[in-house]
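All remarks here apply to the structure that follows.
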Amino acid sequence: MENTTTNHLHFPNRFSDRRDASHPCAAAIVSTVLSTVDHILQQVPPDPGADCDAGLYGGPAGAAYMLFHVAQCASFSEQRDAYLTAARRIIDACVRRVDAERDADTRAAFLLGGAGVYAVAAMIYKAAGSADFARPLARFRRLWEPVCAPVRFLECGSDELFVGRAGYLCAALVLKQKLGMEAMILRKEQIKAICQAIIDSGKQYARKKRKPCPLMYSYYGTEYLGVAYLFAKAYLINNKPQYLDTCIRSGELVWQKGLLKKGPGICHGVAGSAYVFLMLYRLTGNSKYIYRAQRQGTRDSVRFAEFLFSKEFKASSCSVTHSYSLFEGLSGTVCFLVDLLQPDQSEFPLFSIFV
């Protein structure tokens, strides 16, 4: 029986788990993406002001990345130019916003600040065939030294993904992947310096707090270990079956409890849960994971993708502050729907384990 103490966190999954999965109906997904993108474009502010978050997590820059992602999919070749034009208009406003930011610390942040905005700007300009991509790329590169020195450059925590060094390194990896550049985004000595700062920071905090482990970190007072062990990446690196088995067992838990009530997004919502199945499909080649992530096509076999637009979900899920948010709103949902059309290339937005 379902544990009633956790019922308020997710919807019950009443769906059968078929094994004869086929690929999703492309026409239905394309139609949903087009209408959702239109809705998002109506919600994005034309120019984020001083009191508006311009970043990737909840700001307009995330919507710009979504448009970039859709434009790369062959199913939207007719909309490519229009979407890249809209993406550039949005990201240009975000770049102006972060250029004017007086807090130099936030300009080095990946998801909540300037580093992420500059990275996505470079990707959008390059996709549109503009040589201007070199300008935001240069601005991104100039942030590396402030990120490294001093060791604790942020009072809230200097090393995690949202605003710290790990996020900056992740952004550099995404840039190399998306720009298709042979040269490194950062020089080897720069990468080494950032990694060394992360290690030194973890050692200092562990000693200060007298922790039994050699590395420990905190973000706004919440402590976490230095390594979040990503079993899928570990499996890709050394091909040990126990790592894949852990991923599969985690996927079973997501299948049972992944219809989350916190919204449609990829951070802590239904689309984020469904990305687990796309990852498992790429790891295993088992098409049942595509089936779990979408609808099979019959009336009684709705899956995660269609559940996002069901009356039950709309009536009982939490509302989000900005529907255009990449991580909490519909922009991340659109990225997921697009990846249903190209499951062999699917990847969680801005965090690919396959590079």
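Note that this is a predicted model, so its numbers are computed, not measured.
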Ser323 side chain reached by His39 side chain, heavy atoms, under 4.5 Å: yes
CA sep, side-chain torsions, deciding dist, call: Tyr235, Asp245, side-chain hydrogen bond (donor to acceptor under 3.5 Å, both in side chains): CA-CA 9 Å; Tyr235 173 69; Asp245 181 64; over 6 Å; no
Main-chain N/O of Ala193 paired with Gln190 side-chain donor or acceptor, under 3.5 Å: no
Separation between NZ of Lys178 and CD1 of Ile124, rounded to the nearest 0.5 Å: 12.0 Å
Val355 reachable from Tyr243 in the ILVMFWY side-chain graph, under 4.5 Å edges: no
Sidechain-backbone polar pair: Ser250 side chain, Thr246 backbone, donor-acceptor under 3.5 Å: yes
Lys176 (side chain) donor-acceptor with Ile185 (main chain) under 3.5 angstrom: no
Gap between atom CD1 of Ile290 and atom CG of Leu278 - 0.5 Å precision: 7.5 Å
Tyr291 and Asn286 side chains, donor-acceptor separation under 3.5 Å: no
Heavy-atom pair with the smallest gap, counting every atom of Ser273 and Val254: O-CG1, 3.5 Å
Worked check of side chain to side chain contact (heavy atoms under 4.5 Å, CB included) between Asp99 and Tyr118: CA-CA 10 Å; Asp99 279 347; Tyr118 292 143; 2.5 Å; yes
Any side-chain heavy-atom pair of Leu169 and Cys195 under 4.5 Å: yes
From Leu179 atom CG to Lys126 atom NZ, the distance as rounded to the nearest 0.5 Å: 6.0 Å
Passing option when Glu347 is tested against Arg282, His69, Gln177 for side-chain hydrogen bond (donor to acceptor under 3.5 Å, both in side chains): Gln177
Any side-chain donor near an acceptor of the partner, Gln72 and Gln342, under 3.5 Å: no
Interatomic distance, Ser325 atom OG to Asp53 atom CG [nearest 0.5 angstrom]: 8.5 Å
Joint cluster assignment, Val151 & Tyr220, ILVMFWY side-chain distance < 4.5 Å: no
Closest heavy-atom pair and its distance - Phe153, Val163: CZ-O, 4.0 Å
More than 12 heavy atoms of other groups within 6.0 Å of Glu189 CD: yes
Pair Leu280-Cys247, side chain to side chain contact (heavy atoms under 4.5 Å, CB included): steps then yes or no: CA-CA 7 Å; Leu280 284 168; Cys247 293; 3.9 Å; yes
Residue of the set Phe162, Tyr65, Tyr57 for which ring-ring contact (aromatic ring centres under 6.0 Å, His included) holds with Phe327: Tyr57
Note, Ile266 side chain near Cys335 side chain (heavy atom, < 4.5 Å): no
Test of ring centre spacing under 6.0 Å for Tyr217 and Tyr205: no
Ser201 side chain vs Ile198 backbone, donor-acceptor pair below 3.5 Å: no
Any side-chain heavy-atom pair of Arg139 and Val95 under 4.5 Å: yes
Contacts of type salt bridge (charged side-chain N to carboxylate O under 4.0 Å, His left out), residue Asp92, not counting sequence neighbours: Arg88
Gap between atom CD1 of Ile91 and atom CE of Met123 - 0.5 Å precision: 9.0 Å
Over 12 foreign heavy atoms within 6.0 Å of NZ, Lys192: no
Hphob cluster co-occupancy, Phe277 + Leu244, side-chain heavy atoms under 4.5 angstrom: yes
Set of ring pair (Phe, Tyr, Trp, His ring centres under 6.0 Å) partners for Phe354, sequence neighbours left out: none
Heavy-atom closest contact (Ala206 atom, Cys213 atom, distance): CB-O, 3.5 Å
Non-hydrogen side-chain atoms of Tyr324 and Met66 separated by less than 4.5 Å: no
Non-hydrogen side-chain atoms of Leu41 and Leu67 separated by less than 4.5 Å: yes
Other residues, nucleotides, ligands: >12 heavy atoms within 6.0 Å of Gln242 CD: yes
Between Tyr281 and Asp344, a side-chain donor and acceptor under 3.5 Å: yes
Contacts of Arg207 that satisfy salt bridge (charged side-chain N to carboxylate O under 4.0 Å, His left out) - sequence neighbours left out: none
Interatomic distance, Asp339 atom CG to Tyr275 atom OH [nearest 0.5 angstrom]: 3.5 Å
Heavy-atom check, side chain of Val174 versus side chain of Ser352, under 4.5 Å: no
Nearest non-hydrogen partners of Ala63 and Ser331, listed with the distance: CA-OG, 3.6 Å
Co-membership, hydrophobic cluster, residues Leu154 and Leu161, 4.5 Å side-chain: yes
Distance-minimising heavy-atom pair for Gly329 and Thr333: O-OG1, 3.4 Å
Heavy-atom pair with the smallest gap, counting every atom of Val30 and Phe76: CG1-CE2, 3.8 Å
Arg97 vs Pro60 side-chain heavy atoms within contact, under 4.5 Å: no
Path from Ile237 to Ile248 over hydrophobic side-chain contacts below 4.5 Å: no
